[in-house]
Amino acid sequence: KAFSEYALCELKEKCHRAAWSSATKKAAFERKKTVLQFTRYACHYQSWFHSESWELSDDSRNLLLGLAHFETGSLSVIPGGLSEVIRSYRLEASQFSFPNCAKVQSLKLFKNGRMDIRFTNESHAVLFVEDYLGTVY
């Protein structure tokens, strides 16, 4: 039990670091009802010869691992659609929906580096912020 508790603490710490600016000590995200908007270099967009690709930052990957734990309560089980996004180095699309998840609805990436995570209801969004991101630096 001690190892899994340690691993969970470490995961939540990585999520907190990803969600806050160490320079300004301010949140790098905003909650708008059911959506969390991550505004600080969450992803990178590239366009090469008529093909587009998206890359997640390491911080965003950590946030998605936190989301997977939030969804399943397990450090080793990652729901289908979410695991594909986490494991892919380059993503072909900018929007992903997670129909097999009860708490996390979708993910959307923007060319300006923003990433939106939509929850199935507002209380899930609030709980994720409180448990994984923290409400203070």
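In what follows, every heavy atom counts, from backbone to side chain, and hydrogens, waters and symmetry copies are set aside.
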**OP:** Inspect the surroundings of NZ in Lys25 and state if more than 12 heavy atoms from other residues, nucleotides or ligands are less than 6.0 Å away.
**Re:** yes
**OP:** Working to the nearest 0.5 Å, report the span between SG of Cys43 and CD of Glu55.
**Re:** 10.0 Å
Subject >> Side chain to side chain, Trp54 and Lys111, heavy atoms closer than 4.5 Å >> reply: yes
Original post:
Should Asp58 and Lys14 count as an ion pair when the cut-off is N to O under 4.0 Å?
Top reply: no
**OP:** Could you verify whether a donor N or O on one side chain and an acceptor N or O on the other, from Arg90 and Gln46, lie under 3.5 Å apart?
**Re:** yes
Original post:
How about Val104 and Arg118: do any of their side-chain heavy atoms sit closer than 4.5 Å?
Top reply: no
Subject >> Note, Arg31 side chain near Glu122 side chain (heavy atom, < 4.5 Å) >> reply: yes
Original post:
How far does OG of Ser60 sit from CD1 of Ile117, to the nearest 0.5 angstrom?
Top reply: 7.5 Å
Subject >> Within 6.0 Å of NZ in Lys12, more than 12 heavy atoms from elsewhere >> reply: yes
Original post:
When Leu107 is tested against each of Leu64, Asp116, Leu67, Leu91 for side-chain contact (heavy atoms from CB on, under 4.5 Å), which residue passes?
Top reply: Leu64
Original post:
Hey, what's the ring geometry for Tyr137 with His16, parallel, tilted or perpendicular (30° and 60° as the breaks)?
Top reply: tilted
Original post:
Got a second to check how far Ser53's OG is from Glu92's CD, nearest 0.5 Å?
Top reply: 7.0 Å
**OP:** State the CG-NE2 distance between Leu36 and His124, to the nearest 0.5 angstrom.
**Re:** 12.5 Å
Subject >> Within-4.5 Å side-chain heavy-atom neighbours: Leu11 and His69 >> reply: yes
Subject >> Which atom of Asn100 lies closest to which atom of Gly80, heavy atoms considered >> reply: ND2-N, 3.6 Å
Original post:
Of the non-hydrogen atoms in Cys15 and Leu63, which two are nearest, and what is the gap between them?
Top reply: O-CD2, 3.8 Å
**OP:** Taking the six-membered ring of Phe70 (Phe, Tyr or Trp), confirm whether the NZ or CZ of Lys103 is under 6.0 Å from its centre and within 45° of its axis.
**Re:** yes
Original post:
What closest approach, in Å, do Thr120 and Ala102 show between heavy atoms, and which atom pair accounts for it?
Top reply: OG1-O, 2.7 Å
Subject >> Leu56 to Met115 - nearest heavy-atom pair and separation >> reply: CD2-SD, 4.2 Å
Subject >> Donor + acceptor pair across side chains of Ser123, Asn121 (<3.5 Å) >> reply: yes
**OP:** Using the six-membered ring wherever Trp is involved, compare the ring planes of Trp20 and Phe29 and label them parallel, tilted or perpendicular (cut-offs 30° and 60°).
**Re:** perpendicular
